[in-house]
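Predicted model, so just to flag it, every value in this text is computed and none were measured. Reckoned from all heavy atoms, side chains included, excluding hydrogens, waters and symmetry mates.
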Amino acid sequence: MARANEQAAAALQEYAELFALTGGDAFRVRSYQKAAKAIAGHPEDISATDVRAVPGVGEAIAKKMEEFLQRGSFRQLDDLRGRVPEGVRRLTRVPSLGPKTAITLFEEFGIDSPAALGEAIAAGRLDGVKGLGPKTLANLAKGVEQLEQSGRRVHIGVAMALAEQVMASLTAERVAYAGSLRRMKDTIGDIDILAVAPVSVMEEFRAQPYVAEVIAAGDKKTSVRTTSGIQVDLRVVPAGSWGAAMQYFTGSKEHNVAIREMAVKKGWKLSEYGLFEGERVIAAESEEDIYAALGMQFVPPPMREDGGEVRAALRGELPEPVRLEDLLGDLHTHTDLTDGIASLEDMVAAAHARGYSYYAVTDHAPDLAMQRMTLDKALEQRERLAKLQRSYPGMRLLHGTELNIAPDGSVDWPADVLREFDVCVASVHSHFGMPRDEMTRRFIAACENPYVGIIGHPTTRKIGKREPVDADWDAVFRAAARTGTAMEIDSYPDRSDLPADLVRLARHHGVKFSIDSDSHAIPHLAHQRFGVGIAQRAWLTTDDVINTWPLERLLAFLRP
DNA sequence: GCCGTTTTCGGCCCGACTGTTTTCAGTCG
């Protein structure tokens, strides 16, 4: 995805939020949001083409975007930023707190941040206020607490985009990211970048426009806080110690402790500069050399969590984790027939360009009323897909649907409709707060539907925004294994759902998985790499992942 | 602010849930 698109879309999205907070017309807010979404998902770089070509962008938004491309902001955005404190914007991050309440809290009570809201509630300053009863206040207090707990961590999509931007901005012989980002954790606290470069790279780094504050500036390490609030550490390392430095700074700390203990037992010393026997260098230039010298298999970064990988690697029993290139297709994607922004034809063309053997289109079904889906529309799409199939002899197009799992576990359509789809993904989209036992029954009922092949984004969490639902996952996974229902690893980075610990648990029960992008735009197709990271963290092999399987095996699995 | 086999103004994805209210506002997907 072009960086200019992302940044321009983020500015427009921010403007939409601020516009709503200042009481702006709701339809205009929606226009801005819609345009922001379309720009972010537009395959062409808007700094190189006319932004008016993006659907939902008219003259007024185009002017704003052109000004943004010129100078990194636009006048109306500057105005509103000056009028609304940053903390008031963060108020709307509190679940169930929207723009109307946020602006009231600010204007009438001077509450200008989630923390201030927490204090006001605790002090009883909002008791008896019209529209804010005791339950609402209790909910808001809980929401504030959740928000504070999630801290400054960001999801991997945000961190990866920033890391790639930083790496592209530096002049270096060699540059890479390490740390929890390289281990593909779903949330990232700060970003570690390693470089082989002259010391002048530090000055170049500090002068970048994304740097808001320099925290520490030295020859070997520079730390900055970026404009997005994320800390980035840049370390310059000697070329000869590259592997040792990557190994050391990738972590995890626990993994490194285990590795270093092994080195000590052999009378050696492992540091960020290399593996040494006294003064003699045993290995330092590559990570592979270091692991080999220690008599163990190379451990892929996502598996470096001291979760048994050291022992397995010493015995040569480390499984070969699934790789991005093992995926033969994507089984959960959307088009503009529901809430995607790209047409069926464009999505399929983009999927073909990625070299897939098969590709499923799974737009929403009628129970999600806002999507205005009907059976007629679905059948019409099936015909279009069948016609399109003729143009793609090497890629099998699968007609699927993303069903909605109702509170009782039922889905949108009866059996005679479901059986005609190639792929039925079923997901929870509402009633997130059901009690644990009811939620468990809900998932089990969905698994027991013979036509449901995949449970989509099972926990429904959104990182930093919505907590996972509560269910007895052991019971759900047992049902999934028994009924041959795959659990999805939804690769959309703010979902990252299932998370790795639950994937491990599910695998233990014998569950299979589908690593899907849940794409709503062409650039989202590439998000599968994040799902592969989750799968690697959970030690999944190709045998565990149904969309690495050849078409015939996949279809046999999905068929009731 | 965008858009048009509704064509330059008047619509704009619709419905449900929650907590508040006594008929509704705000939020969410």
Side-chain angles (χ1 to χ4, degrees), chain A residues 9 12-13 15-39 51-67 74-77 80 91-105 121 126-143 334-341 363-374 377 402-408 412 426-434 438 456-457 459-462 465-467 469 490 492 494-495 497 518 520:
Chain A
L12 192 56
Q13 175 60 33
Y15 183 62
E17 279 176 41
L18 293 171
F19 194 78
L21 275 170
T22 48
D25 173 61
F27 291 116
R28 283 174 63 185
V29 173
R30 203 142 63 194
S31 290
Y32 297 136
Q33 287 174 333
K34 206 175 148 192
K37 208 174 139 187
I39 289 169
V51 67
R52 287 168 187 76
V54 181
V57 176
E59 196 49 39
I61 291 179
K63 284 233 167 64
K64 292 180 177 70
M65 293 294 92
E66 280 161 2
E67 188 180 343
F74 51 91
R75 185 178 51 81
Q76 297 90 337
L77 178 60
L80 289 189
L91 271 180
T92 62
R93 302 278 130 78
V94 177
S96 82
L97 201 168
K100 291 281 200 297
T101 314
I103 199 68
T104 307
L105 289 171
I121 294 171
L126 298 176
D127 292 350
V129 174
K130 190 170 175 289
L132 299 176
K135 281 193 178 173
T136 302
L137 291 178
N139 260 343
L140 291 175
K142 197 178 129 202
H334 296 273
T335 74
D336 60 4
L337 185 60
T338 57
D339 57 352
I341 64 161
D363 273 314
H364 290 285
D367 284 0
L368 231 56
M370 64 181 286
Q371 306 295 353
R372 308 187 114 193
M373 187 52 141
T374 62
K377 285 190 191 174
E402 184 185 9
L403 302 162
N404 180 57
I405 306 176
D408 65 358
D412 312 55
S427 321
V428 165
H429 297 102
S430 63
H431 302 81
F432 304 114
M434 283 171 66
E438 285 177 39
H457 47 71
T459 79
T460 79
R461 71 165 178 171
K462 289 230 177 144
K465 286 187 192 135
R466 186 168 66 217
E467 292 293 295
V469 297
D490 189 311
Y492 210 93
D494 72 342
R495 287 195 183 268
D497 186 10
D518 197 357
H520 288 69

Side-chain N,O ([X]) to OP1/OP2 ([N]) below 4.0 Å:
X        : N      : value
A/Ser31  : B/dC12 : no
A/His431 : B/dA16 : no
A/Arg28  : B/dC12 : no
A/Lys64  : B/dG1  : yes
A/Arg372 : B/dC13 : no
A/Asn139 : B/dG19 : yes
A/Arg30  : B/dC13 : yes
A/Thr136 : B/dT20 : yes

Given 3.5 Å as the limit, does a donor-acceptor pair link the side chain of A/Asp494 with the main chain of A/Lys462, or not? no
Main chain of A/Asp497, side chain of A/Asp490: is a donor-acceptor contact present, judged purely on distance under 3.5 Å? no
So what does [X] hit on the nucleic acid, given a heavy-atom distance under 4.0 Å: a base, only sugar-phosphate, or nothing?
X        : answer
A/Glu59  : sugar-phosphate
A/Arg52  : nothing
A/Ser430 : nothing

Return the value, rounded to whole Å, for the distance between atom [atom1] of [X] and atom [atom2] of [N].
X        : N      : atom1 : atom2 : value
A/Gln33  : B/dC28 : CD    : C1'   : 12 Å
A/Leu403 : B/dG29 : CG    : P     : 20 Å
A/Lys34  : B/dC13 : NZ    : C1'   : 9 Å
A/Lys130 : B/dT21 : NZ    : C1'   : 8 Å
A/Lys142 : B/dT18 : NZ    : P     : 13 Å
A/His429 : B/dG15 : NE2   : C1'   : 15 Å
A/Leu137 : B/dT18 : CG    : P     : 18 Å
A/Lys135 : B/dA25 : NZ    : P     : 21 Å

Sticking with atom [atom1], work out how far [N] lies from [M], rounded to a whole angstrom.
N      : M      : atom1 : answer
B/dG11 : B/dT22 : C1'   : 32 Å
B/dC9  : B/dG15 : P     : 30 Å
B/dT20 : B/dG26 : P     : 14 Å
B/dC12 : B/dT6  : C1'   : 12 Å
B/dC13 : B/dC3  : C1'   : 15 Å
B/dT23 : B/dG29 : P     : 30 Å

From the set [options], return the single nucleotide nearest to any side-chain atom of [X].
X        : options                : result
A/Phe27  : B/dC12, B/dG15, B/dT20 : B/dC12
A/Lys100 : B/dC13, B/dG19, B/dT27 : B/dT27
A/Ile61  : B/dG15, B/dG29, B/dG1  : B/dG1
A/Ala60  : B/dG1, B/dG29, B/dG15  : B/dG1

If B/dT18 has a Watson-Crick or G-U wobble mate with both distances under 3.5 Å, name it; if not, just say none. B/dA25
Do A/His457 and A/His429 touch side chain to side chain, with heavy atoms closer than 4.5 Å? yes
Does A/Leu126 reach the side chain of A/Leu140, with side-chain heavy atoms less than 4.5 Å apart? no
Residue mapping more 5' on DNA chain B - nearest nucleotide basis, A/Val54 or A/Val94: A/Val54
Just checking, A/Arg466 and A/Phe432: is the charged tip under 6.0 Å from the six-membered ring centre and within 45° of the axis? yes
Sorted by chain and residue number, the salt bridge (charged side-chain N to carboxylate O under 4.0 Å, His left out) partners of A/Arg461 (sequence neighbours excluded) come out as A/Asp186
Over 60° means perpendicular and under 30° means parallel, so classify the ring planes of A/His520 and A/Tyr492, tilted if in between. perpendicular
